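Only one structure is covered here, and it is reproduced in the block below.
Order of the sequence lines sets the chain letters (A, B, ...), proteins ahead of strands, with each chain counted from 1. Keep in mind the model is a prediction, meaning the values are calculated, not measured.
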Amino acid sequence: MSHSPLAVKGLSAAYQKKAVLDNVSFEVEEGKLMGIIGPNGAGKSTLIKTILGLIPRLSGEVTVFGKPYSVQRKLIGYVPQRESVDWDFPTNALDVVLMGRYGRLGWFRRPGAEDKRIAMECLAKVGMADYASRQISQLSGGQQQRVFLARALAQDARLYLMDEPFAGVDAATEKAIITLLQELKKQGKTVIVVHHDLATVKEYFDSVLLLNVTLQAYGPTDAAFTAANLHRTYGGRLGFLERLGHDVPLPAESR
Amino acid sequence: MLDELLEILRDPNAQWILLGCMLLGLSSGIIGCFAYLRKQSLMGDTLAHAALPGICIAFMLTGTKSIMLFLIGAGLAGLVATLGISWITKYSKLKTDAAMGIVLTGFFGIGIVLLTQIQHSGSGSQSGLDKFLFGQAASMVSSDVATMLVVSLFLSGSCWLLFKELKLVSFDPGFARGLGFPVAFLEQLLMFFMVIAVVVGIQAVGVVLVAALLITPAVSARYWTDRLGMMMVLSGIFGALSGALGTLLSAAAPNMPTGPLTVLAATLLFSVSLLAGPRKGLIARRVQHLRAKREHLAARERQAVPAPSRGVSQ
């Protein structure tokens, strides 16, 4: 049995009767940044949620460091989409980050001084230490995203799954996030990111998975992120794909 | 009026009833916070209306009036109602609000039919079940109050013990599931707490209005604080205050049902919160707006003064 951080075999999932994931298999190498890309409705978020067991799978197998997901939860950190929660909830940034410690605390026990210290450290890592006691509805979208990242850091995991962390954030936050991802990678952690901005794929990720219900391509970014694979995945709907194939630098890459 | 109220308070039986209603308001207020934050305020109303047929059937089958039996009947009816709602939303294109409306009124209709049936039968007229529509705190006996005490302590205690878990499930159920918490179980548990609060509250406040004790204190409390723990404390206090006012007023005015008075007290507290709440209240927001406007205008005026006019006004 494989001992890679994440091994997915023949994974399928469906909403009602419509298949949104069909027979997806892949294995992730430890200490890599991996991007999942594909058009809207390709099942990118569904893939992450099915791996995490948030959506019941129709078939397939998921192992984390060689064991079934359910016994390895403590090794996994999760960053959901920012829109998935109500930011008007009566709580502050530090409190949200502390939730990352709940899994380790178990039932009934409240977070203690040590948990608070860790949470503050995680907030500092995303540049949000000054906002610890800020009500979460008063944070900007990018700041909210960083709080979610800090919460995942507080989980102190070895494998991170992130659902569109770059969606709708400002340039400063995007930079903070990518610096953090590099830092995690340096510590030997594995990070899987659902991504939508094709222009930054080559710059950010070691490997890339192209998804459109079925797995279209997977491998090191240089090998898998090709015009032919993108055409197959996106159905040729994006005009600028042509230029990607010919290695013409995109305007967005000059940031 | 005040003398009358003090007179009532000297009666030990009335003291017990008052305490029972306050505890009821307290625990409903606390549970209500989670219902409100999980956008399930109307679920309390559905559960309350669905409880009526359950209570009637429990009475018809056993012929006795006991909170325990009513709890079982109402709990089962509430379960059928929630299953009905999820069944409708799953297999039709209806949204939850429409499904709730249908199930709520349907169950209430059945309840009223059964209630009328009971009233016309021999023993039924003495059952006092008709008081269940709008509540009558004075009709409670000491064993009812004792049950209320136990239930309130159980609900408040559970919320205190499970504060962390319930907070997580209310804020981000997906993340909670990822951490390995049994989210479905915790959500069912919250639903169960709501059923208990509703059933125990029915005798005092009535089927029709008991949901107000879940919704109104929680919404009012949200105006005063940005912290969940504080919100629950305030909501509990608001609930207890409403319960106390409702009970006292209904005891002072003969034949006045407790439910409407309790709800009016809660609504009054809400109005005060809506107006006077710090930062989120209407007055505070108006003041903020005016202050911002004044500062903005002052800044523009400073800019409008032409720069090379030095020496003129000195």
Using a strict threshold of under 4.0 Å (side-chain N to carboxylate O), is an ion pair present between A/R101 and A/E114?
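No, this pair does not count.
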Check each of A/I76, A/T63, A/L6 against A/Y69 using the side chain to side chain contact (heavy atoms under 4.5 Å, CB included) test, and report the only one that passes.
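Option passing the side chain to side chain contact (heavy atoms under 4.5 Å, CB included) with A/Y69: A/I76.
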Would you mind checking which part of B/L166 comes under 4.5 Å of any heavy atom in chain A, side chain (CB onward), backbone (N, CA, C, O), both or neither?
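Neither part, no heavy atoms under 4.5 Å.
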Given heavy-atom pairs under 4.5 angstrom as the criterion, report whether the side chain, backbone, both or neither of B/F171 touches chain A.
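Interface part for B/F171: both.
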Looking only at heavy atoms, what is the nearest atom pair of B/G25 and B/L213, with distance?
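In this case the closest contact between B/G25 and B/L213 is CA-CD1, 4.4 Å.
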For A/D163 and A/S45, which heavy atoms make the closest approach, and how far apart are they?
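A/D163 and A/S45 have their closest heavy atoms at OD1-OG, 2.8 Å.
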Is any residue of residues 31-42 of chain B within less than 4.5 Å of chain A by heavy atoms, and which ones?
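Result: B/L37, B/K39.
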How are the rings of B/F175 and A/Y78 set to each other: parallel, tilted or perpendicular (split at 30° and 60°)?
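Aromatic pair B/F175/A/Y78 classed parallel.
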Taking side chain as C-beta onward, heavy atoms only, is [X] less than 4.5 Å from [Y]?
{"X": "B/H49", "Y": "B/V103", "answer": "no"}
{"X": "A/R104", "Y": "A/D156", "answer": "yes"}
{"X": "B/L24", "Y": "B/M148", "answer": "yes"}
{"X": "B/K164", "Y": "A/P111", "answer": "yes"}

Less than 4.5 Å to any heavy atom of chain B: does that hold for the side chain of A/D95, its backbone, both, or neither?
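For A/D95, the contact with chain B is made by the side chain alone.
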Check whether A/V96 gets within reach of chain B through its side chain, its backbone, both or neither, counting any heavy atom under 4.5 Å.
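Just the side chain, heavy atoms under 4.5 Å.
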Relative to A/Y160, does A/K189 satisfy both conditions: NZ or CZ under 6.0 angstrom from the six-membered ring centre, and within 45 degrees of the ring's axis?
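Judged by the rule (NZ or CZ under 6.0 Å from the ring centre, within 45° of its axis), A/K189 is not positioned above A/Y160.
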A/H196 and A/F166 aromatic centres sub-6.0 Å:
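No - the distance between ring centres of A/H196 and A/F166 does not fall below the 6.0 Å cut-off.
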Chain B neighbours within residues 120-140 of chain A, where any heavy atom lies under 4.5 Å away:
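Heavy-atom contacts from residues 120-140 of chain A to chain B are A/Q135, A/I136, A/Q138.
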Between A/L98, A/D88, A/L161, who has the most heavy-atom pairs with chain B when the cutoff is under 4.5 Å?
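Option with the greatest count: A/D88.
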Check: A/E29/A/S207 side-chain N/O donor and acceptor closer than 3.5 Å:
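No donor-acceptor contact under 3.5 Å links the two side chains.
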With chain A, which of B/V183, B/T225, B/L179 has the greatest number of heavy-atom pairs at distances under 4.5 Å?
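Most heavy-atom pairs under 4.5 Å with chain A: B/L179.
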